[in-house]
**Q** 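There's a structure below that I have some questions on.
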Amino acid sequence: MPKARLSANQPGLREVLTVRSRAKVNVFLEVLGKRTDGYHELDTVMLRTELHDVLQLEFPEDVRSDEVRLTVIGDRRLTSAIPCDESNLIIKAARALRAATGIHQPVSITLQKRIPAQAGLAGGSSNAAAALCALNRLWKTNLPQRSLHEIAAGLGSDINFFVEDCRAARCTGRGETVKPIALCGSPVVIVMRPQSGNSTPRVFSELASLPSSELRSSDEILAALKSGSLSQIRRAAFNRLTNAAVRLNPEMGEMLQAVQRRTGLPVLMSGSGSTCFVVVENVRRGRRLLSVLRNIDCSFLCLTRIH
Ligand code: C5P
């Protein structure tokens, strides 16, 4: 479960939990087929990044209320698309934990947003996992990780990766079956999101099905991550959703090509996009490449470590 910082609980002070909610990138994503429940069967490899939101959770002033309250703060360009109502996955996670345990404690949550939305970085899913694990402490419900995984799977497909709290994992099923994997070193990625985001359901529905003989295996990327060989990682990195996403978001396609031209490196889309990223050796080389990309047309650009 993600680490939490519990601030001093002296008399007169309310208990406050502060947790990080990290983003992910998919260094490999193959779609194995469409399922009868409408989801797609995936084989994907996710890496957790240092890029993170911060959640602060505390009992509200009026502890008699049984409210779950959410406030979002941060740069307006990042926060304007984030709902604070029941449609937010943080509120859904809190309600699901209550339903599973029968408790009715209140909570006031402040989300400091740094991860862009509609980006394929799983910001919302990560927030849900962070809230679920932190509330399990704050409310002293003490559910085991297995039960948190069950709740997470009921809320979405990417949440289990963050509940697992590992640097890297192979995720299968619709994404909710998480197996941590070996990762040598701490690769660095440059992530950039064009002005427009992508809708995950639309990208999946744009995808044409393929004969199984054309599907790629994750074996090569798993071996590359284990060995830490950057050239092997770049060779094996792949995302089946890219062409479908480029058809829906040509601006993202243009950004992808421009970054490829300027860096001379393969550029990968994360999840269903619209964030794309390149993997680099270290922070120094990353900073040099960042300067080449400074004036590229995008809404978000950052260098972050796999962590
Ligand atoms: O599970 P989550 O809410 O993140 O999924 C959002 C949407 O993305 C789903 O409603 C579905 O349309 C699509 N999806 C899919 N197959 C997956 C994961 C997501 O078709 N494995």
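Below, each value reflects all heavy atoms present in this structure, side chains not excepted, and no hydrogens, waters or symmetry copies. Both counts, for ligands and for their atoms, begin at 1 and track the order of listing.
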**Q** Nearest non-hydrogen atom to atom 15 (C) of ligand 1 belongs to which of Arg202, Arg174, Glu176, His40?
**A** His40
**Q** Scan side-chain atoms only and decide if His149 and Glu164 contain a donor-acceptor pair under the 3.5 Å cut-off.
**A**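 A donor-acceptor contact under 3.5 Å links the two side chains.
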**Q** Is it true that Ser157 and Arg174 share a donor-acceptor pair across their side chains at a distance under 3.5 Å?
**A** yes
**Q** Would you call Arg48 and Asp165 a salt bridge, taking side-chain N to carboxylate O under 4.0 Å as the test?
**A** yes
**Q** Could you label the plane-to-plane angle of the Phe204 and His40 rings as parallel, tilted or perpendicular, counting under 30° as parallel and over 60° as perpendicular?
**A** parallel
**Q** If you count the atoms of ligand 1 from 1 in the order shown, which ones are under 4.0 Å from a heavy atom of Gly156?
**A** 1 (O)
**Q** Report, in ascending order of atom number, the atoms of ligand 1 lying under 4.0 Å from any heavy atom of Leu42.
**A** 21 (N)
**Q** With heavy-atom distances below 4.0 Å as the criterion, list the atoms of ligand 1 near Thr200.
**A**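 Close to Thr200: 8 (O).
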**Q** For atom 13 (C) of ligand 1, what's the nearest protein heavy atom and its distance?
**A** Phe204 CD1, 3.6 Å
**Q** Which protein non-hydrogen atom lies closest to atom 9 (C) of ligand 1, naming both residue and atom, and how far is it?
**A** Tyr39 CE2, 3.7 Å
**Q** Among all protein heavy atoms in this structure, tell me which lies nearest to atom 7 (C) of ligand 1, with the distance rounded to 0.1 Å.
**A** Pro201 CG, 4.0 Å
**Q** Compute the shortest N/O to N/O distance between Ser157 and ligand 1 and return yes if it is under 3.5 Å, no if not.
**A** yes
**Q** Quick one about Asn249 and Arg202 (side-chain donor to acceptor, distance below 3.5 Å, no hydrogens or angles considered), yes or no?
**A**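 No, because no side-chain N or O of Arg202 sits under 3.5 Å from a partner of the opposite role on Asn249.
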**Q** Answer yes if the side chains of Lys140 and Asn142 hold a donor-acceptor pair under 3.5 Å, and no otherwise.
**A**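 Per modelled atom types, Lys140 and Asn142 side chains form no pair under 3.5 Å.
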